[in-house]
Amino acid sequence: IVYVWGAYLFLYLQPEYLSSLIERVFLSCSGASTSGYLKTLIRKLQAILLCGCIWLLLTVATSIMRMFSLRLLDPLTTISTLLPNANITRFIHDVGRYFLVSSSLFGFFAFDALYATVVVNYVSQSELIIYFLRSIMVKTRVKSQQLNEVIKDIFHASDILQVFNGQLSYIVSLSMFIFISDAVSSFVNLNSLRDNKFSLGYAVGICNISQWLFLVISPIIQAARLTKECQKLRLLGLEVSARPFTYKDTPQETLDSFLQYTTSTKYGAKLAGVVIHSKYPAVLLFGLGLFFTFYPFSHIPWL
């Protein structure tokens with residue numbers, strides 16, 4: 001379900017919305033007061049894409065290591081194991097064996113590519129929204145635009161967050177459930193190994209746990225960062241009211257309406273319908289640290 005839903009979303013719904021979001025954010029960050037934001041944003045987006053590509057390459061390497069660890073590349077396995085009574089020539093055996101291995105690798109790559117696309121898209125969009133909110137706050141502080149225009153930008157930000165917390169958020173939430181299930185399954189398999197000579201199996205287990213936990217933690221951290229920026233935006237009206245000289249020519253009614261509008265905003269990034277605050281990733285990382293610190297890994301020869 002997640003695979004079909006994600007493919008439909010990214011092939012038909014997201015491209016047009018994502019291009020309009022990038023255009024809006026880049027235009028907002030191209031002013032004189034936010035000129036440095038644009039270069040920093042581009043570098044961060046490139047870093048996010050690079051991390052996604054590296055993760056995908058590591059998953060392919062882990063899949064190959066898994067096949068070696070399960071001895072699927074052994075000439076005495078696969079076809080002869082599936083059909084023990086069949087008279088198969090060595091050529092047909094080799095062709096069938098490598099065909100099965102290649103098909104398995106391609107299937108793993110297709111699913112992992114979708115998972116990486118979901119997480120990279122979510123992290124990239126959250127970074128774009130973060131810089132859009134920052135550009136609004138900077139322009140307000142230096143009075144590069146009037147408060148009426150700022151209110152319009154905040155209203156556009158609420159529309160963007162509503163779409164961001166929609167289907168994409170639910171797909172990421174369902175994908176995170178899959179990532180957690182795969183991490184737990186990898187940990188159970190790793191914990192079941194008792195052969196100290198089976199080092200490749202331990203390597204595959206540790207790599208699997210690390211790659212799935214990385215996909216779980218990344219969206220949570222980005223959602224917490226976005227929620228923090230939304231909380232700063234809520235305090236923008238109080239900050240403007242505390243600087244009377246910046247907007248000394250602005251009518252008091254406009255200042256009061258701006259203060260009331262900003263303080264009434266309750267924006268935030270959601271995962272599984274829950275607003276993610278900064279304490280959530282801290283608690284998660286602290287819990288993982290305690291677990292890996294006190295869990296007895298004595299049967300693993302590396303630890």
Side-chain angles (χ1 to χ4, degrees), residues 13-14 16-45 122-169 221-271 273-281:
L13 300 181
Q14 280 286 316
E16 183 177 356
Y17 164 75
L18 187 58
S19 61
S20 63
L21 176 61
I22 293 174
E23 181 181 2
R24 181 181 295 276
V25 175
F26 276 39
L27 289 175
S28 180
C29 295
S30 60
S33 57
T34 57
S35 58
Y37 280 2
L38 193 57
K39 295 181 180 179
T40 305
L41 176 59
I42 292 174
R43 286 197 295 266
K44 287 189 175 183
L45 293 177
Y122 184 86
V123 173
S124 300
Q125 287 194 35
S126 62
E127 197 68 31
L128 287 168
I129 300 173
I130 286 173
Y131 273 84
F132 181 62
L133 297 179
R134 288 179 179 177
S135 66
I136 293 175
M137 290 184 283
V138 170
K139 291 179 180 179
T140 305
R141 294 188 184 103
V142 300
K143 199 182 177 180
S144 60
Q145 59 183 12
Q146 298 299 320
L147 293 181
N148 294 331
E149 298 176 353
V150 175
I151 292 177
K152 293 180 181 178
D153 288 340
I154 296 176
F155 181 77
H156 291 317
S158 67
D159 291 339
I160 293 173
L161 284 169
Q162 186 176 3
V163 176
F164 180 76
N165 291 327
Q167 295 190 48
L168 178 61
S169 175
I221 293 178
Q222 281 296 103
R225 293 181 62 234
L226 179 54
T227 301
K228 185 177 180 180
E229 294 297 325
C230 294
Q231 292 174 348
K232 292 180 180 178
L233 182 66
R234 189 178 184 183
L235 300 176
L236 185 61
L238 294 174
E239 187 175 348
V240 170
S241 300
R243 296 181 177 183
F245 297 104
T246 305
Y247 289 91
K248 61 181 180 180
D249 298 331
T250 305
Q252 186 63 36
E253 293 80 5
T254 304
L255 292 175
D256 293 339
S257 61
F258 181 74
L259 174 62
Q260 184 178 3
Y261 182 77
T262 54
T263 52
S264 63
T265 58
K266 296 181 180 179
Y267 303 151
K270 296 181 180 180
L271 287 173
V274 179
V275 178
I276 305 300
H277 297 279
S278 57
K279 61 182 178 181
Y280 294 164

Are the side chains of I129 and V25 in contact, using a 4.5 Å heavy-atom criterion? no
With no hydrogens and no angle check, is any side-chain donor or acceptor of E229 less than 3.5 Å from a backbone partner on I130? no
Side-chain (T227) to main-chain (I276) donor-acceptor, under 3.5 angstrom: yes
With a 4.5 Å heavy-atom cut-off, do V150 and T262 have their side chains touching? no
Between S169 (side chain only) and F164 (backbone N and O only), is there a donor and an acceptor less than 3.5 Å apart? no
I need the minimum non-hydrogen distance between Y122 and A223, along with the two atoms involved. OH-CB, 3.6 Å
Might you work through the salt bridge (charged side-chain N to carboxylate O under 4.0 Å, His left out) test for E149 and K152, ending with a clear yes or no? CA-CA 5 Å; E149 298 176 353; K152 293 180 181 178; over 6 Å; no
From L128 CG over to L133 CG, what is the distance, rounded to the nearest 0.5 angstrom? 11.0 Å
All heavy atoms of L233 vs all of M137, minimum pair found to be N-SD, 3.8 Å
Which atom names give the shortest non-hydrogen contact between V123 and Q222, and what distance separates them? O-NE2, 3.3 Å
Tell me, do L38 and Y131 make a side-chain contact under 4.5 Å, heavy atoms counted? no
What distance do K139 atom NZ and C29 atom SG have between them, rounded to the nearest 0.5 Å? 7.5 Å
Report yes if the side chains of L21 and F132 come closer than 4.5 Å at any heavy-atom pair, otherwise no. no
How close do F258 and V240 get, heavy atom to heavy atom, and via which atoms? CE2-CG2, 3.8 Å
Would you call D159 and F155 a side-chain contact if the rule is heavy atoms closer than 4.5 Å? yes
For the CD1 atom of I151 and the CD atom of Q145, what is their distance to the nearest 0.5 Å? 11.0 Å
Taking N165 for the side chain and G268 for the main chain, is one N or O donor matched with an acceptor at less than 3.5 Å? yes
Please give me the minimum heavy-atom distance between L259 and G237, naming the atom from each residue. CD1-C, 3.4 Å
Hey, what do you get for CG (L255) to CD (Q260), rounding to the nearest 0.5 Å? 13.0 Å
Separation between CD1 of I154 and CG of L161, rounded to the nearest 0.5 Å: 11.5 Å
How close do A269 and L226 get, counting heavy atoms only, and between which atoms? CB-CD2, 3.7 Å
So do K266 and V275 actually touch side chain to side chain, heavy atoms under 4.5 Å? no
Crowding at NZ, K228 (>12 non-hydrogen neighbours, <6.0 Å): no
Can you tell me if Q231 and R234 form a side-chain donor-acceptor pair at under 3.5 Å? no
Taking S28 for its side chain and R24 for its backbone only, find out whether a donor-acceptor pair lies under 3.5 Å. no
Would a 4.5 Å heavy-atom cut-off, applied to side chains only, mark I136 and T140 as touching? yes
